[in-house]
> 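Take a look at the following structure, please.
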Amino acid sequence: MLIPHDTRIALDTVVDLVNTAPEDGTGGARNGTPDGLADIEALYGFVRSHSLSGVGDLGRRDLRAVLEVRARFAEVFAAPDARAAADLINRLVAAAGTTPQLTDHDGYDWHVHYFAPGASVADHLAADCGMALAFMVVAGEQERLRRCEAPDCGHAFVDLSRNRSRRYCDSRTCGNRLHVAAYRARRKEAAG
């Protein structure tokens, strides 16, 4: 699957945003994980770590709005089908007031920003990340928006494997941990 560079960055951003939530998107707790966006300083950290352009001073209103966008993105990952995902994405992107424009800032080649100049950080995320999610639905790849199958994890991820077979957010942690547990259970059963 060919994904443009800016779309891939936006998908990584939406995944990271969803994974700041203390729950897995279905209301279940994720292994005692604290909220990664518990305060304005954490929001500033998120903005810096994802190099979100055009973001000025942030306040409580921005934090509340970003938390709402995060909840909507979590709903997209939980959507049962493409039609439900499309409806969620359409509402999110429309509310952000998208204004597509070509740009080549900060050493990046030409790419499209979907947020209006001067948009709030929440509208920035809703527009750019929403359009990246829309790209997945348009490409017929909505089922690649997944949650980790490890029972104590639930992190969101985009399955970019060729055969759409990825089950865990990180095969080195969640995948290995579950494979080792299954191996030990088989050994114990064989020995007993």
Side-chain angles (χ1 to χ4, degrees), residues 1-21 24-25 36-37 42-56 58 61-148 155-162 164 166 169:
M1 161 175 218
L2 181 62
I3 300 176
H5 176 73
D6 54 324
T7 301
R8 178 60 194 262
I9 289 172
L11 288 171
D12 290 345
T13 301
V14 77
V15 164
D16 290 347
L17 179 61
V18 169
N19 288 337
T20 64
D24 65 8
L37 289 178
L43 180 57
Y44 272 114
F46 184 86
V47 166
R48 277 190 306 274
S49 69
H50 290 84
S51 302
L52 299 180
S53 60
V55 175
L58 300 173
R61 171 184 275 169
D62 295 302
L63 180 60
R64 282 191 301 275
V66 168
L67 295 177
E68 183 62 30
V69 168
R70 178 180 74 180
R72 299 297 70 82
F73 285 151
E75 290 176 5
V76 172
F77 275 81
D81 56 40
R83 184 160 307 282
D87 181 52
L88 291 164
I89 294 165
N90 283 339
R91 284 187 277 142
L92 189 63
V93 170
T98 59
T99 307
Q101 59 182 335
L102 285 167
T103 184
D104 66 341
H105 62 88
D106 298 329
Y108 292 105
D109 205 358
W110 289 105
H111 59 283
V112 179
H113 279 186
Y114 294 95
F115 58 92
S120 69
V121 67
D123 285 346
H124 177 140
L125 290 166
D128 272 9
C129 295
M131 290 306 296
L133 293 171
F135 172 83
M136 296 299 288
V137 173
V138 167
E141 304 289 355
Q142 180 260 336
E143 73 276 359
R144 289 182 183 269
L145 305 175
R146 300 208 173 140
R147 290 288 188 161
C148 182
H155 270 103
F157 68 94
V158 179
D159 177 6
L160 296 177
S161 67
R162 272 188 180 186
R164 300 180 181 104
R166 190 168 154 201
C169 63

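One-based numbering along the sequence shown.
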> Go through the structure and list residues passing side chain to side chain donor-acceptor pair (under 3.5 Å) with Arg64, not counting sequence neighbours.
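Checked Arg64 against side chain to side chain donor-acceptor pair (under 3.5 Å); zero matches.
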> Shortest non-hydrogen contact from Cys169 to Phe157?
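Shortest heavy-atom contact: CA-CD2, 3.7 Å.
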> So which heavy atom on Ala96 is nearest to which on Ala126, and how close?
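Answer, listing the atom of Ala96 first, then Ala126: CB-CB, 3.8 Å.
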> Does any non-hydrogen side-chain atom of Arg144 lie less than 4.5 Å from one of Arg146?
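No. Closest side-chain heavy atoms not under 4.5 Å.
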> First locate atom CG of Leu11, then atom CE of Met131, and finally report the distance between them rounded to the nearest 0.5 Å.
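Spacing of CG (Leu11) from CE (Met131) equals 12.0 Å.
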> Of all heavy-atom pairs between Val137 and Ala85, which one has the smallest distance, and what is that distance?
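Looks like CG2-CB, 4.1 Å.
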> What's the spacing between Glu143 CD and Leu145 CG if we round to 0.5 Å?
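Reported value, rounded in 0.5 Å steps: 8.5 Å.
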> Just wondering, do Glu75 and Asp87 contact through their side chains at under 4.5 Å, heavy atoms?
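SC-SC contact between Asp87 and Glu75 ruled out.
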> Rounded to the nearest 0.5 Å, how far apart are OG1 of Thr20 and CG of Leu37?
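So the OG1 of Thr20 and the CG of Leu37 are separated by 3.5 Å.
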> Are any non-hydrogen side-chain atoms of Gln142 and Met136 less than 4.5 angstrom apart?
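A side-chain contact is absent here, since even the closest heavy-atom pair is not under 4.5 Å.
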> Nearest 0.5 Å, please: how far is OG1 in Thr99 from CZ in Phe115?
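One gets 10.0 Å once the value is rounded to the nearest 0.5 Å.
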> For the atom pair CZ (Arg166) and CZ (Arg164), what is the distance rounded to the nearest 0.5 Å?
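It comes to 14.5 Å.
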> Side chains of Leu160 and Ile3, heavy atoms from C-beta outward: is any pair under 4.5 Å?
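Heavy-atom side-chain distance check passes, below 4.5 Å.
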> Does the side chain of Tyr44 reach to within under 4.5 Å of the side chain of Val55, using non-hydrogen atoms?
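Side-chain contact under 4.5 Å: no.
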> I want to check something: taking the side chain as every heavy atom from C-beta on, are Leu133 and Val93 in contact at a cut-off of under 4.5 Å?
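Side chain of Leu133 against side chain of Val93, heavy atoms only: no contact under 4.5 Å found.
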> Main chain of His124, side chain of Asp128: is a donor-acceptor contact present, judged purely on distance under 3.5 Å?
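Not confirmed, Asp128 side chain does not pair with His124 backbone.
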> Tell me, do Leu125 and Leu52 make a side-chain contact under 4.5 Å, heavy atoms counted?
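In contact.
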> Which pair of heavy atoms, one from Asp62 and one from Ser120, lies closest together, and at what distance?
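Here Asp62 and Ser120 meet closest at OD1-CB, 4.2 Å.
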> Which pair of heavy atoms, one from Arg147 and one from Ala74, lies closest together, and at what distance?
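The pair with the smallest heavy-atom distance is NH2-CB, 3.7 Å.
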> Checking Val76 against Val18 for the side-chain contact (heavy atoms from CB on, under 4.5 Å) test, could you report, in this order, the C-alpha distance in whole Å, the side-chain angles of both residues, the deciding distance, and whether it holds?
CA-CA 10 Å; Val76 172; Val18 169; over 6 Å; no
> Does this structure show an ion pair linking Asp12 with Arg8, if we count only N-O contacts that are shorter than 4.0 Å?
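Here Asp12 pairs with Arg8 in a salt bridge, since their nearest N and O are under 4.0 Å apart.
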> Nearest 0.5 Å please: distance from the CZ atom of Phe73 over to the OG1 atom of Thr13.
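Phe73 atom CZ to Thr13 atom OG1 measures 9.5 Å (nearest 0.5 Å).
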